[in-house]
Amino acid sequence: MADLTAGLNPAQKKAVLKTEGPVLILAGAGSGKTTVLTHRIAYLIEQGVKPYNIMAITFTNKAAREMKERVEKITPFGKDVWVSTFHSSCVRILRRDIERLGYTSQFTIYDSDDSERLIKEILKELNISDKDFSPKMVMGKISEQKNELISAKAFLETAEEDFRLKTISKVYTEYQKRLKQNNALDFDDLIFKTVQLFAQNPDILDKYREKFLYIMIDEYQDTNSCQYNLIRQLSSKYRNLCAVGDDDQSIYGWRGANIRNILDFEKDFKNAEVIKLEQNYRSTKVILDAANTVIKNNISRKSKELWTENETGGLINAVGLESDFEEAAFIASEIEKGVKNGGEYKDFAILYRNNAMSRVIEDRFVRSSIPYRLLGGVPFYGRKEIKDVMCYLKVLYNPSDDIAIKRIINVPKRGIGTATIEKVSIFAEDSGMSFFEAILNAEDIPEIKSRSKKLKDFAGVISNFREASEELKISELIEKIISETGYRDELESENTAEALNRIDNINELISKAFEFENTSERADLSAFLEEVALVADIDSYSEDDDTVVLMTLHSSKGLEFPNVFIAGFEEGIFPSYRSILSDNPNAVEEERRLCYVGITRAKKQLYFTYARSRMQHGQTISNAPSRFLKEVPMDFIEKHKAPDSKNEEKQATFRNKASYNPMGNKEYFTYGKIPAPKNVTLDFKEGDKVRQIKYGVGVVKNIAPAGADFEVTVEFPEAGTKKFMAMLSKNTLKKV
DNA sequence: TTACTATGGATTTTT
DNA sequence: TCCATAGTAA
């Protein structure tokens, strides 16, 4: 085995070698954290630790896959290391022992769509107005509780006399009851129930403690309290826990991630060693400095400052456009320019705050014939037709899954409407049967005589499929389902572009199933359902295709591109209105972290674009440029130059550009909030010649103390006299 | 039961 | 603007 620390910097080396006891690795963006993690695993194995005694937890399947691949590349024993996501780890643990909690190991996993359907049903049954208590809101609240490890019972107690909370806790209680009846767990339950299983069964917990002697967890800043608890349970005996994360990249607070987990690590794990990875291997100096100065405006963070040996690089482009259409046109023209100059489409990424913003850009790309891919939006497995087919499979696997049955009982149309479904539900509830059992006894259901045949037919169809599922491969089973139920025929007879697209999607599902059968070791229905339930769209992102990539800032975390556009860089969009209006100051800080994530995706070139007016919800709105733009040092920013006027179309598009240029407004840039640096060393004195990245060579006229920093006045032959803050300009202002 | 029309709501989403 | 859903007519 090669030297595992070769080529690593001192901090990285330390992180690899420090195997015993709790360690927190604060890994800045682009600091080589995956390398450190994989080498650390290999080093552990080299030291004699058994691969199966090592656990590495990630948040995404993609991260897990990548880590596994890289570990296997450096050590032949890598395949026995337990590398997986929180959720799939928990599924594995629960499949084994969930009987202790009164579920069976055949449980199915509900995605948020399934959960919401169930909530909706419950609200109806409990006669709670979904106007005052929207299923989404209730679901969110319940999820919040679960993330905080608060059970329905505990929640009811804290609710006390608060009517709203009491109502929600009632729904929560019923929701859990129904999940159990359906033998189903939602995403939050996967973790929650595992924690519960461990807490109530010390023998099981002990088994895993003895198994996972070394635990590593990636993206630690994104853990919620429930996940934190799980980690604590597993690691508290041997205390060989290595958490890797970056508090500045905590952008999932709204999903229950608790930033305190990383901020308080040393408090929670006594004698923890903290290692900072601050050298960045990704971005230019300018991009990195911009990221540093922006994030410094946040109060709650660990001190950390990225630096790099990379080149200084070009200035950041801040471009104000007249409208969202022109913004899209500008982005398209820059990409065309870049490609003409030898770049590739895949070198460009467009990041935006919300998915709706992709539309205008897509339209423009289609017109300009720029190949692009959209990440996010409606996920493949969330599409109606895919969910329909998957629900058939779910019903075959888990007959107690009422939500799945109700979804497909009238898809395609079988003349079984909501009224009938309701009656069956009530009958099932009264007689203590599952929905499916009730259908089997349809003739006993009162006031339903005329429909009982249809119900029986449906039950027959399902039983028939269930029998077939014993022998058929999954891809064949899906084929059988969509042809015998008439699902495909129904779509074909519609003969619209949309219907054809749905058929394509189903075919795609069949080929995915086919691929699954041929690549997984465990190719049964259970494994397939699990795979589908636990994958995300981002998992399938690969950089092989030469296309521009469009995605939200959130989805971009962990990725990198030579050229990045952050579009819609406007107040109200980024930061979002909600965060601005929120009484929680942390909300804007999280947006700023998101901005930091966005900036640090860029390797070479970064653009901020913003429009004076844009269409939103069918109305034209105007926003000021984002406050974050003011936080980027002015001398890192290049004003946008008017595009090539030879191109007529472009000329027309940009003709109003000159009238809108907030960058010209001096007041626009203030540095008031940036804390003064402690020690500044200058490599020039008054009278020296210096080179500034934007204005060229000039002469230092004056150096005056300003707080803990120095204000440097430089006279340029062309640009005239300019003032710079020494600390901020350390990479862009140098002696010649 | 189904098929059409009105209405309202619209961040971010690793699983 | 665009979507999902609730309500109504047939």
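Chain naming here is simple, since letters A, B, ... match the order of the sequence lines and numbering starts at 1 in each.
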Should A:T85 be listed as having a side-chain N or O under 4.0 Å from OP1 or OP2 of B:dT14?
-> no
Closest to the 5' end of DNA chain B, once A:N410 and A:H87 are matched to their nearest nucleotides, is A:N410
So does A:S112 get a side-chain nitrogen or oxygen closer than 4.0 Å to the phosphate oxygens (OP1/OP2) of B:dT13?
-> no
With respect to the side chain of A:R359, which nucleotide from B:dT2, B:dT14, C:dC2 is positioned closest?
-> C:dC2
Kindly say whether, by distance alone, the side chain of A:N354 makes a donor-acceptor pair under 3.5 Å with the base of B:dT12?
-> no
Could you check which of C:dT1, C:dT5, B:dT14 has an atom nearest any side-chain atom of A:K120?
-> C:dT5
A:W254 aromatic ring stacked with six-membered ring of B:dT12, 5.5 Å and 30° | yes
How is A:E590 classified with respect to the nucleic acid when contacts are heavy atoms under 4.0 Å: base, sugar-phosphate, or nothing?
-> nothing
According to a strict under-4.0 Å criterion, is A:N355 in side-chain N/O contact with OP1 or OP2 of B:dA10?
-> no
Using the side chain to side chain contact (heavy atoms under 4.5 Å, CB included) rule, pick out the option among A:V244, A:D247, A:D222 that qualifies with A:I262.
-> A:D247
Enclosure of A:K456 NZ (heavy-atom neighbours >12, cutoff 6.0 Å) = yes
How many Å lie between CG on A:L594 and P on B:dT14, as a whole number?
-> 14 Å
N/O (side chain, A:T552) to phosphate O (OP1/OP2, B:dT13) under 4.0 Å = yes
Distance in angstrom units between A:M357 CE and C:dT1 C1', rounded | 15 Å
Answer with base, sugar-phosphate or nothing: what part of the nucleic acid does A:T58 contact at a heavy-atom distance below 4.0 Å?
-> nothing
Side-chain ion pair, A:D388 and A:R407, N-O less than 4.0 Å | yes
Take the protein atom CD of A:Q616 and the nucleotide atom P of C:dC3, then report the distance between them rounded to whole Å.
-> 16 Å
List the steps and the verdict of salt bridge (Lys or Arg N to Asp or Glu O under 4.0 Å) for A:K387 and A:D114.
-> CA-CA 10 Å; A:K387 290 222 67 170; A:D114 301 324; 3.1 Å; yes
Value in whole Å for how far the P atom of B:dT12 lies from CD1 of A:I573 = 12 Å
Nearest-Å distance, CG (A:D363) to P (C:dT1)?
-> 13 Å
Specify the separation, in whole Å, of atom CZ of A:R578 and atom P of B:dG9.
-> 12 Å
How is A:G417 classified with respect to the nucleic acid when contacts are heavy atoms under 4.0 Å: base, sugar-phosphate, or nothing?
-> sugar-phosphate
Cut-off 3.5 Å, side chains only: do A:N224 and A:Y252 have a donor facing an acceptor?
-> no
If you look at every strand shown and take non-hydrogen atoms under 4.0 Å, does A:F86 touch a base, only sugar-phosphate, or nothing?
-> nothing
Nucleotide B:dT13, atom P - distance to CG of A:L374 in whole Å | 11 Å
Syn or anti for B:dT11, please, going by whether the chi angle lies within 90° of 0.
-> syn
Could you check which of B:dA10, B:dT2, B:dT14 has an atom nearest any side-chain atom of A:H617?
-> B:dA10
Atom OH of A:Y352 and atom P of B:dT11 are separated, to the nearest Å, by 15 Å
Answer yes or no: is there an ion pair linking A:R364 with A:D324, defined by an N-O contact shorter than 4.0 Å?
-> no
